[in-house]
Amino acid sequence: RTFARSATNQADFNFGFSLPGFLPGTLNLNPSVTFNNVYSGSYWVQSEFSNGQWVHQNKRPTFSLGMSPTLFALFPGFGPLSRIRHSITPRLSYGYSPAGSVPGAYLAAINHSAAGFLGNLPQNKVALGFSQVFEGKLKSDTSSSGEGQKVKLLALDFSPLEWDFERARETHRTGLTTNSFQYSATSDLLPGFSFNSNYSLFQGDTQSDTARFKPFRESISASFTLNGQTGIFAALGRLFGHHEAPVAPAAPVTAEQTAQDQL
């Protein structure tokens with residue numbers, strides 16, 4: 001069927017609460033309970049497929065436990081670096097949700113077939129993502145006391161991937177439920193440097209058993225700025241003897257001037 005026009009209105013809300021964490025500084029365990037939509041879309045939907053009527057789906061609780069320990073190692077430096085620190089922070093979480101129910105009217109409103117729909121299955125899934133940072137400590141300037149400046153050489157962040165054991169058992173196929181994956185990189189070696197790349201992992205909706213694992217890159221972006229007064233350039237300049245002109249100290253403020261400013 002074809003329509004003269006297409007219009008969709010959506011409204012959504014979610015709520016939950018986090019429980020007090022434990023084992024801080026080591027595993028950093030954080031339990032939580034959230035109430036999310038059974039389907040990944042909005043709670044209320046209005047479209048031409050629903051004849052302009054508002055329809056809604058249902059919510060279900062999700063019990064989660066996440067941990068994010070930080071592991072690091074120190075390495076000797078080279079050149080202007082006195083030491084290098086490499087830290088990696090894995091983000092591992094486990095979540096369970098009971099079976100849900102999405103009304104047929106809601107599926108019709110979003111133009112989704114009820115045949116092969118997997119959104120009502122219980123969720124028993126784990127998610128894994130991680131980030132890592134390489135930091136360098138510059139050698140101390142001999143003309144001044146104190147420790148050398150710390151510089152972020154490279155920071156990498158990878159979005160989490162989710163695996164649902166219930167879906168793998170039901171479909172006898174992959175349990176991967178993450179629809180998109182992205183990673184980013186930043187560095188202080190180039191001020192303002194940022195690199196991002198995004199991938200779509202599936203062809204089709206991951207809520208359906210017809211989705212095919214077929215990754216392709218959707219977007220890529222990079223940006224940076226050059227400024228001799230910030231970041232590694234200023235630190236290297238001080239290391240090789242280049243110093244900025246000292247700023248003249250401000251004239252002392254007298255009590256009479258202070259009183260005039262307050263009037």
Side-chain angles (χ1 to χ4, degrees), residues 24-28 30 40 66-93 126-163 176-203 206 213-250:
T26 55
L27 295 180
N28 296 324
N30 296 287
S40 58
M67 68 175 184
S68 55
T70 299
L71 310 174
F72 68 92
L74 299 176
F75 303 95
F78 58 91
L81 302 176
S82 62
R83 188 170 59 181
I84 296 177
R85 182 180 186 268
H86 175 215
S87 63
I88 180 171
T89 304
R91 302 184 299 273
L92 180 64
S93 63
V126 294
L128 176 63
F130 71 95
S131 60
Q132 57 179 333
V133 179
F134 295 89
E135 292 180 310
K137 185 177 181 181
L138 295 174
K139 295 179 180 179
S140 301
D141 192 345
T142 56
S143 63
S144 61
S145 60
E147 298 184 352
Q149 181 183 0
K150 294 181 180 180
V151 177
K152 181 173 64 177
L153 304 177
L154 180 64
L156 299 172
D157 185 77
F158 299 86
S159 64
L161 297 174
E162 292 185 348
W163 182 275
L176 186 64
T177 61
T178 304
N179 188 43
S180 61
F181 172 78
Q182 63 180 358
Y183 68 91
S184 61
T186 58
S187 176
D188 288 342
L189 297 180
L190 284 177
F193 170 77
S194 176
F195 175 86
N196 296 274
S197 184
N198 298 277
Y199 293 83
S200 176
L201 300 182
F202 285 90
Q203 182 181 25
T206 56
F213 182 72
K214 193 174 182 180
F216 69 93
R217 186 171 58 201
E218 291 184 317
S219 65
I220 183 173
S221 63
S223 63
F224 66 92
T225 58
L226 295 178
N227 188 341
Q229 305 299 322
T230 59
I232 187 65
F233 297 101
L236 290 177
R238 292 193 299 269
L239 183 64
F240 289 102
H242 175 73
H243 300 282
E244 298 180 2
V247 180

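Bear in mind that the values here come from a model prediction, so they are computed numbers and not experimental data. Each residue takes its place number in the sequence, starting with 1.
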Who pairs with [X] by side-chain hydrogen bond (donor to acceptor under 3.5 Å, both in side chains), at least two apart in sequence or on another chain?
X	answer
Asn28	none
Thr89	Thr70
Ser194	Asn196
Ser219	Asn198

According to side chain to side chain contact (heavy atoms under 4.5 Å, CB included), who are the partners of [X], at least two apart in sequence or on a separate chain?
X	result
Ser180	none
Leu161	Leu176, Thr178, Phe181, Leu201
Leu128	Leu92

Pairwise distance [atom1]([X]) to [atom2]([Y]) - rounded to 0.5 angstrom:
X	Y	atom1	atom2	result
Arg91	Asn30	CZ	CG	13.0 Å
Phe72	Ile88	CZ	CD1	13.5 Å
Lys152	Ser187	NZ	OG	7.5 Å

Tell me every residue that passes ring pair (Phe, Tyr, Trp, His ring centres under 6.0 Å) with [X], counting only those two or more places apart in sequence or in another chain.
X	value
Phe75	none
Phe193	none
Phe130	Phe158

I need the minimum non-hydrogen distance between [X] and [Y], along with the two atoms involved.
X	Y	value
Ala185	Leu156	CB-CD2, 3.5 Å
Glu162	Ala127	CG-CB, 3.6 Å
Asp157	Ser131	OD1-CB, 3.3 Å

Is there a side-chain contact between [X] and [Y] (heavy atoms, below 4.5 Å)?
X	Y	result
Asp188	Leu153	no
Phe78	Ile84	yes
Ser82	Lys139	yes

Neighbour count >12 (heavy atoms, 6.0 Å) for atom CZ, Phe216: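 Buried by this count: over 12 neighbours within 6.0 Å.
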Worked check of side chain to side chain contact (heavy atoms under 4.5 Å, CB included) between Tyr199 and Tyr183: CA-CA 9 Å; Tyr199 293 83; Tyr183 68 91; 3.7 Å; yes
Residue pairs involving residues 75-89 (criterion salt bridge (Lys or Arg N to Asp or Glu O under 4.0 Å); sequence neighbours excluded): Arg85-Glu135
Polar side-chain atom of Lys214 near backbone of Ser200 as donor-acceptor pair, under 3.5 Å: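 Looks like no, no N/O pair under 3.5 Å.
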